[in-house]
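Atoms within a ligand are numbered from 1 in the order they appear, just like the ligands themselves.
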Amino acid sequence: MITEEIKTTIEKYDKIIVHRHANPDPDALGSQRAIALSLRKTFPNKTILMAGNSVGDLNWLSEMDNVTEEDYQGSLVIVVDTANTPRISGEDYDKGDFLIKIDHHPDNDQYGDLRYVLEHASSCSEIMFDLLQSWNFVIDEEVANAIYAGIVGDTGRFMYDSTSAHTFAIASHLMELKADLPRINQRLSEVTLQQAKLQSSVYDYLQIDDSGAAWAIITQADLQKLGVTTEQAHAVVSTPGRLKGVVSWVIAVEKQAPETGFRIHYRSKGPVINTLAMKHDGGGHMLASGANAADEQEVQTIVSELIEVVKNYK
Ligand SMILES: [Mn+2]
């Protein structure tokens with residue numbers, strides 16, 4: 001069994017470095033933190049490090065370790081919640097001795113010496129709970145908090161299709177382990193006043209096609225006016241989903257100089273949109289994906305493709 005092979009590999013290495021994707025969401029940080037903390041508690045003599053760039057506003061959930069290139073010598077590297085190698089945060093991820101991928105995105109980029117990918121899982125954190133439990137590794141309150149944050153983040157508080165009976169069974173376990181549900185739910189749902197104002201401009205800018213396709217473009221000028229960072233702008237991506245009649249949508253956020261172009265966020269209530277994202281240097285889940293547009297013209301192409309897909313779905 002692959003899971004047993006992963007366990008044996010973990011037991012073999014004294015140094016283990018855990019990576020996740022760039023611009024981390026609660027699931028990336030939650031699954032990374034869950035396995036890192038569990039390994040530290042299960043194997044106190046091993047060195048366990050969390051690698052990756054800025055965690056932004058999610059620093060209440062997790063913080064990274066200082067990881068240097070030398071740390072990778074003879075190490076095991078585990079990458080969680082990351083579909084493809086360009087998305088991995090931390091450039092030295094391939095400098096270890098052995099690489100393991102644990103994920104729930106479509107397995108298009110089969111990197112690593114061992115892979116454990118369950119595409120139907122609600123979140124990587126859900127997979128992590130099952131793995132840690134089957135291995136008999138420590139899952140205490142702290143680990144439970146990290147897993148719960150990841151599940152709530154990726155399921156939109158148990159709202160999305162990927163939420164299963166098993167997801168709730170795990171949530172129930174996490175409650176028994178004294179995970180702090182009210183605090184985590186509160187932290188994950190709160191926005192700054194500036195972000196709330198940005199949500200309101202998303203409603204202002206939003207264009208909705210008869211098909212139910214919708215889109216909005218947020219420029220750096222908009223963000224500066226409201227005092228919102230580019231990372232914070234990602235918090236408004238789910239906003240149009242609450243609107244009746246909106247089926248699938250795209251939010252284009254202009255990148256911050258020196259980068260140019262737009263970060264594209266695709267979301268959908270039914271039509272599959274990750275195939276669209278793949279055409280524009282992106283990918284992700286069937287109903288939630290990310291991509292990149294070089295300029296406004298490419299954003300327009302992306303919108304036309306979205307309308308087409310939503311029309312065909314109906
Ligand atoms: Mn995830």
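- In this structure, a donor-acceptor pair under 3.5 Å is absent between the side chains of T301 and S304.
- Once rounded to the nearest 0.5 Å, the distance linking CD of E254 with CD1 of I218 reads 11.0 Å.
- Within the coordination shell of the Mn ion (ligand 1), defined by N, O or S atoms under 2.8 Å, D154 is present.
- Among the atoms of H285, no N, O or S atom falls under 2.8 Å of the Mn ion (ligand 1).
- Closest N/O/S atom of D81 to the Mn ion (ligand 1): OD1.
- At least one N, O or S atom of D27 sits under 2.8 Å from the Mn ion (ligand 1).
- At a cut-off of 3.5 Å, with distance as the only test, a side-chain donor of H104 or D154 sits close to an acceptor on the other residue.
- Residues D65 and R40 are paired through a salt bridge, judged by an N-O separation under 4.0 Å between the basic side chain and the carboxylate.
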